[in-house]
Amino acid sequence: MPVSAPSWLVAVPRPIPAYDFAPPHGYTGPLPLGCRVLVPWRGEPLVGVVVGTGNERQSHRLREALQLLDDPDMPWVAPATVQALGEWAASAALPLGLVWDDLLGVGWTPALSHRVRAVAGADLRAFAANAAPAAVPGPEWSDGSSYLPALLDAVREQGLLDEDFTPVQPTVSRVFASELGQGQLTPKQREAAEWLTEYPGQASLSSWARGAGVSGSVVAAVLGKGHAELREEPAPPPALTPGAASWTSEAPDALPAEGLRWRLNGGKFSARARALAPRIQSHLRAGRSVLVLAPEHATLDRAWAELSGLAAPCGTEAILLSGLLSPEARAHSWGQLRSGAARLVVGSYLALTAPLRDLALLLVLDEGSDAYKLPSGSRAWVPDVAQAIAAAHRAELGTAGVVPAVEIVQWPALELSMPRVRLHTVDYGAPPQQPELGPLSMPGQAQSSLGYPLSHDLRAVLRQVQERGRQAALLAPRRGYSALLRCPQCDYAPQCPNCDVPLRFHRSTHQLTCHQCGHHQPVPRSCDNCGEAMWQTKGPGTEWLAQEVSQLLPGTPVYRVDKDHQDDLTALHAGESGVVVGTGLMLAQPAPPELALVAVTLADTWLNVPDFRASERYHALLWELAEWHPARAPLLLVQTFQGSHPALEALRSGESVSAYPRQEWELRRALGYPPHACLAQVEVAARDRERAHSAADAVAAALYSAGATAQEVLGPAPAPIARVRGVYPYHLLLRARSPERLRELLDAVSSVRAGGRVRVDVSPRHLT
DNA sequence: AGCACGCCGACT
DNA sequence: GTCGGCGTGCTC
């Protein structure tokens with residue numbers, strides 16, 4: 001008796017667990033871990049990834065996989081990565097398919113040609129039911145797409161279908177001269193035909209016409225008379241982003257040597273790149289691979305510019321991998337890595353699963369950046385996944401950024417020196433009355449003799465900047481005009497119809513926009529509440545601030561940079577005098593060359609956030625501002641109600657970038673926050689408020705009956721925005737002392753049928 | 001996630 | 001009578 005082949009566990013890009021399939025008919029090779037496989041899914045072929053061996057005991061008959069798409073010797077994803085994703089998904093109690101869907105960005109939709117035929121001797125006409133006999137495959141190969149998928153699947157399930165999926169090579173059509181033409185050509189047409197003989201293989205008729213110097217109708221006529229023909233040719237590989245010029249660092253490797261994790265902080269970006277170079281190059285020279293992750297595109301571009309040149313001197317290539325690439329370019333880059341032709345990847349989170357040969361170093365840039373939180377289904381915290389992947393590959397895990405995250409401040413470190421910060425604080429004094437931070441209750445001129453938004457000191461420095469023809473940057477709390485539209489009569493602010501938040505006013509479009517769901521509408525003629533026709537629209541956004549600066553400095557150009565409004569900064573970057581007002585987004589751009597002043601107009605915006613990481617973010621922001629243009633060392637002016645905040649003190653005293661995170665690390669130990677605890681936020685939502693509430697209570701009850709303590713379960717509480725996109729979310733916060741304990745709690749959550757939509761966010765970034 | 005099924009209310 | 005809202009369940 002032959003031993004039945006073990007089944008395969010296959011992850012498909014759906015928010016469900018991995019499912020079992022029998023190997024394709026006749027397959028006898030080893031378990032193709034990390035290879036893509038076509039499986040029957042609801043009657044149609046679907047690409048999945050083999051992630052393990054299936055359960056031996058199955059209650060139902062397994063379907064056979066249709067076809068293996070990758071050579072088991074060259075899997076689409078490294079087996080160690082497969083293992084890491086499996087472990088991470090389990091630790092977060094997430095269905096494996098959801099995790100794969102989020103983290104594998106390449107290879108789900110290969111172009112395949114599908115051929116089918118009946119197995120020898122089978123007559124499939126019975127399957128046609130009332131359709132025409134031609135609607136079923138015969139004994140000869142024919143195109144699978146010409147049959148109903150459901151019919152093919154019925155035949156397939158009976159084992160009567162031979163089928164074959166072959167990758168389709170992408171082609172382009174090119175124009176060539178042809179001998180087979182008939183009929184006379186006019187002089188113009190002959191001219192065009194002769195030009196084509198000289199320059200064959202034109203990519204389009206218009207390029208031919210342009211090249212030959214004739215109109216499109218002339219070349220069309222030549223083609224029509226058969227003196228030219230279109231031929232399909234294999235498409236050339238897509239152009240990959242060229243790397244920077246080769247360079248090799250002469251400096252010795254000063255990074256921590258012992259252990260598998262380290263951090264590199266302080267210094268300018270380029271200084272950190274120089275410090276990383278020896279380590280990266282020694283791995284590449286040893287024939288191993290290095291993966292560099294960046295949180296967003298500005299950092300990615302800088303990293304590519306600084307690091308891509310390290311590959312060539314080590315006899316390999318660098319590959320840029322991000323969602324901005326075309327699908328073809330992504331697939332081609334993937335191929336370069338899979339074949340081992342390139343061993344240095346600089347990429348976004350999509351590069352996490354890149355098929356690298358012998359990964360030696362996984363480098364996470366700006367490890368604390370909130371941009372690493374994926375907004376999609378898995379809500380993965382990319383550095384968590386990166387740790388799992390590095391561990392599975394037994395690779396070094398390095399991090400590099402200006403300021404270390406509190407979570408990693410105890411790692412072995414190399415810290416580069418920071419420039420001395422020229423800091424000036426405008427202290428508005430007593431903390432503002434907290435509960436209302438509406439734009440109208442902002443620290444206004446009436447409340448402070450210092451002046452807001454432009455304090456006396458800031459005005460003075462701005463005038464100096466103008467007089468000396470220099471440049472200044474002002475960091476605004478919010479984008480747009482960003483005010484609530486308020487009725488001066490009854491103080492009513494128009495609300496979003498889907499969410500429980502007031503709409504925000506954008507002056508440029510003269511629209512009201514919901515910053516939660518994107519709903520927008522024109523400004524109503526009069527107040528919905530009392531009928532008053534006047535609206536007040538003052539608020540602390542970039543637009544208002546820019547207006548104030550323009551009034552203060554007539555004749556000086558004022559630019560705005562935020563998500564909605566992006567002025568052309570060419571003149572500023574050319575060195576012309578001006579002031580730029582922006583949100584944090586502004587820092588993603590290079591600093592203006594003549595920058596003499598960076599001002600934080602209201603630092604408390606970063607502090608008055610109900611999140612235990614608020615002060616950590618504030619501290620990191622201050623150092624990033626200080627590092628933005630280290631050569632010029634502009635004055636950093638901070639307007640705040642908390643002039644003696646320890647984060648500010650850390651800059652003022654010129655301590656190292658890790659001094660404040662160390663302080664926070666101790667504080668969090670006392671409070672039981674990460675890294676001394678593992679957090680997860682559970683969101684329970686329903687269309688009906690009462691149902692959402694009772695569902696949240698049911699989740700809490702399930703947790704307690706599974707042995708959770710009051711220390712471990714906080715809530716449930718209604719979400720800070722009581723209604724979002726038409727549903728009422730409730731939040732529970734889980735706080736466990738270890739990943740294992742968190743997993744126990746999450747398993748209790750996923751086993752309960754609460755009667756509402758339950759979503760889990762492990763390592764949440766924004767707590768409320 | 002999709003997609004089908006099935007149950008209730010409002011119409012040509 | 002049916003059309004269509006959306007709550008529930010399933011996908012090897």
Side-chain angles (χ1 to χ4, degrees), chain A residues 4-25 27 31-33 35-69 82 85-86 89 92-105 107-109 148-159 161 163 374-380 497-498 683-696 698-699 723-729 750-761:
Chain A
S4 68
S7 65
W8 295 351
L9 205 51
V10 177
V12 291
R14 300 280 183 275
I16 54 173
Y19 279 165
D20 285 331
F21 289 87
H25 201 72
Y27 181 86
L31 179 75
L33 209 56
C35 290
R36 293 170 308 157
V37 65
L38 278 176
V39 294
W41 193 260
R42 286 181 171 270
E44 292 194 56
L46 179 69
V47 174
V49 178
V50 180
V51 296
T53 307
N55 296 323
E56 288 303 317
R57 301 169 280 103
Q58 279 296 326
S59 52
H60 52 85
R61 214 184 97 235
L62 289 185
R63 291 293 304 267
E64 277 178 356
L66 305 182
Q67 189 166 314
L68 197 58
L69 294 178
V82 173
L85 289 193
L94 288 170
L96 195 52
L98 179 63
V99 172
W100 275 91
D101 196 14
D102 270 6
L103 293 176
L104 179 62
W108 292 115
T109 51
L148 289 172
L151 177 135
L152 283 187
D153 200 52
V155 181
R156 188 183 282 141
E157 199 163 13
Q158 296 298 315
L161 192 67
E163 58 188 330
L374 299 191
S376 42
S378 70
R379 290 151 189 241
N498 311 317
E683 184 182 276
V684 185
R687 197 166 286 279
D688 177 73
R689 189 204 300 267
E690 283 314 307
R691 243 173 57 136
H693 193 160
S694 65
V699 171
R723 190 168 60 116
V724 180
R725 294 167 199 270
V727 301
Y728 291 90
S750 43
S751 64
V752 64
R753 280 176 37 83
R757 188 198 65 197
V758 178
R759 285 204 289 227
V760 171
D761 181 354

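Within every chain, numbering begins at 1; the chains are lettered A, B, ... in the order of the sequence lines, protein sequences first and strands thereafter.
B/dG2 atom P lies 11 Å from atom CZ of A/R42, rounded to whole Å. In this structure, A/D20 places its CG atom 13 Å from P of C/dT11, rounding to the nearest Å. Per the geometry, CG belonging to A/L46 stands 16 Å off P belonging to B/dA1, to the nearest Å. In this structure, A/I16 atom CD1 and C/dG9 atom P are separated by 16 Å, rounded to whole Å. As rounded to whole Å, 16 Å separates atom P of C/dT11 from atom CG of A/L9. The nearest whole Å value for the distance from the CZ atom in A/R14 to the P atom in C/dG9 is 21 Å. To the nearest angstrom, C1' of C/dC12 lies 12 Å from CG of A/L66. Rounded to an integer number of Å, the gap from CD of A/E44 to P of B/dC3 is 9 Å.
A/P13 comes within 4.0 angstrom of no nucleic acid atom, judged by non-hydrogen atoms across all strands.
In this structure, A/R379 CZ and A/E683 CD are separated by 6.0 Å, a value rounded to the nearest 0.5 Å. Note that the CZ atom of A/F21 and the CG atom of A/L66 stand 8.5 Å from one another [nearest 0.5 Å]. A distance of 9.5 Å separates CG of A/L68 from CZ of A/R36, quoted to the nearest 0.5 Å.
Between A/V51 and A/A11, the shortest heavy-atom distance links the atoms CG1-CB, 3.9 Å.
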